Amino acid sequence: MKYIFILFLTGISLISCQKKVETIETTQNQPTQDSLIRTIHAKWNFKVSISNPTVSTKLSNWEEWRNYVNELTIAPNPSLSAFKHKAGNLVQKVALIRSNIPELYNKQETKARISLLETNIQNLDMHLELDPMNQKEVLRLLGAIQKNTNSIIYQFDEFEIKAKIPKEIGEDQLIHPVDTIKRATLNAIPQE
């Protein structure tokens, strides 16, 4: 009986030691939080360049856009709390962009691109809150935010190019939707 008890205790101690070794190995394989933050800080390199001077003038007069670009381009301090704070501020700035779009740019194409940008910034905010942070996903979202911002600027440039195209005579009348009831003649309605 004494031998069975000693054998049982030896087995339990071996199993517990093996679990400790496994947990140590898994923590050694995972990158530290500091290295993740340094990597994200190095990749936080947003550039917002506008080649069209007309678009540049209109965007410089759009206060919500300027606030968003200022918040985006200034990199936060390399700490997790600073990144969380920056992501929260970006969520607020993008929500304000949607509320006050200039008249020429206030179209469905712009709203769709702003919605995509807003979704990616909200995802970034969410991923920064996760305890084991997914570095690959955060870096992918940083690239997507840069791509979405550039896409919005390219769309504004396209609106400016289309606005400069002269209209032909009578084109405005063709663009307006045709109201068939107003244009219907009395003779066109069948009578019984």
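Bear in mind the structure is a predicted one, so any value in this text is a computation, not a measurement. Quick note: residue numbers are just sequence positions, from 1. Side chains are part of it too, since the values below use all heavy atoms of this structure and drop only hydrogens, waters and symmetry mates.
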Original post:
More than 12 foreign heavy atoms under 6.0 Å from NZ of Lys147: is that the case here?
Top reply: no

Subject >> Whether over 12 other heavy atoms sit under 6.0 Å from Tyr154 OH >> reply: no

**OP:** Please confirm whether the backbone N or O of Val91 pairs with a side-chain atom of Gln122, one donor and one acceptor, at under 3.5 Å?
**Re:** no

Subject >> Under 3.5 Å donor-acceptor, Arg113 side chain and Glu109 backbone >> reply: yes

Original post:
Between Glu64 and Asn100, is any side-chain donor less than 3.5 angstrom from a side-chain acceptor?
Top reply: yes

Subject >> Lys162 bridged to Glu158 by N-O distance under 4.0 Å >> reply: yes

**OP:** Drop me the distance from Leu128's CG to Asn134's CG, to the nearest 0.5 angstrom.
**Re:** 11.0 Å

**OP:** Please work out which of the three classes, parallel, tilted or perpendicular, describes the rings of Tyr105 and Phe159, given edges at 30° and 60°.
**Re:** parallel

Original post:
Do the numbers put Lys58 on top of the ring of Phe156, so that NZ or CZ is under 6.0 Å from the six-membered ring centre and no more than 45° off the axis?
Top reply: no

**OP:** Provide the closest heavy-atom pair for Lys111 versus Ile101 in the form atom of the first, atom of the second, distance.
**Re:** CG-CD1, 4.2 Å

Original post:
When you measure from the side chain of Asp157 to the backbone N and O of Ile153, does any donor-acceptor pair fall under 3.5 Å?
Top reply: no

Original post:
Can you find a heavy atom in the side chain of Glu71 that is under 4.5 Å from one in the side chain of Asn67?
Top reply: no

